[in-house]
Amino acid sequence: MIACIMAAIQSSIIGVCLDSSKAAWTLRWNLQLVTIVYSGALATAATFTLISWAIAIKGPTYPPMFNPLALIFVAISEAIILGEPLSIGLLVGMVLIISGLYSFLWGKTNEKPRLPQTNVAAAEMSTSMADDPAMMQQSTAVVVPSPSSHESVVLEIEKTGKN
């Protein structure tokens, strides 16, 4: 939000310096107004919505990895729409961006799943065991990971006491 406000302020200052006539700053129902509304509202809202959706689905590391793809789309669009030639440097850059993205995605798929870091149940059991004098004798706790990454961790506590 702050970046959008700062960009609007900077653009306004540069626009006033370039053309300060009142006629240049009046808005009419034409292609300029449609362009402003599209780029300001729709494109920003669509981008924000897609990034929020991707973060909710895949987590915060995925969306930033796809930002460099915009450079590839711009270069291809320039070549198709404006007729700009694709240079060797652009092609090498595209290959590097795509290979970096591929290596990130390959690494994420081959990453070993970790056990959940929440030990709330173990902490609650340890405090309840400390309060109970009968449990103070000797207890053994075993954490058994479940075969599925979607299930929770099973905490087995075995009480071995001499009465």
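All of these numbers come straight from a predicted model, not from anything done at the bench.
- Of the inter-residue distances, the one linking L69 atom CG with I98 atom CD1 reads 7.0 Å to the nearest 0.5 angstrom.
- Two residues are said to be in side-chain contact when any heavy atoms from C-beta on lie closer than 4.5 Å; M65 and L105 fail this criterion.
- Between atom CD1 of residue I55 and atom CD1 of residue I57 there is a gap of 11.5 Å, rounded to the nearest 0.5 Å.
- The shortest distance between side-chain heavy atoms of V74 and L71 does not fall below 4.5 Å.
- Note: L91 CG to L96 CG = 11.0 Å, rounded to the nearest 0.5 Å.
- Summarising the geometry, atom CD1 belonging to I76 is positioned 14.0 Å from atom CD belonging to E84; distances are rounded to the nearest 0.5 Å.
- For the pair F104 and T61, the minimum side-chain heavy-atom distance is below 4.5 Å.
- Other residues, nucleotides and ligands place more than 12 heavy atoms under 6.0 Å from the CG atom of L18.
- Within a 6.0 Å sphere centred on CH2 of W25, heavy atoms belonging to other residues, nucleotides or ligands number more than 12.
- I72 and I51 fall into different hydrophobic clusters, where Ile, Leu, Val, Met, Phe, Trp and Tyr side chains are chained together by heavy-atom contacts under 4.5 Å.
- For the pair T26 and A23, the tightest heavy-atom approach, listed with the atom from each and the gap, is OG1-O, 3.0 Å.
- Taking each heavy atom of A24 and D19 in turn, the nearest pair found is CB-OD2, 3.1 Å.
- Here the CE-OG distance, from M6 to S11, works out to 10.5 Å after rounding to the nearest 0.5 Å.
- Not a single donor-acceptor pair under 3.5 Å links the side chain of S52 to the backbone N or O of T49.
- The two residues T35 and L31 come nearest to each other via the heavy atoms OG1-O, 2.7 Å.
- Within the 4.5 Å cutoff, no side-chain heavy atoms of S12 are placed close to those of I9.
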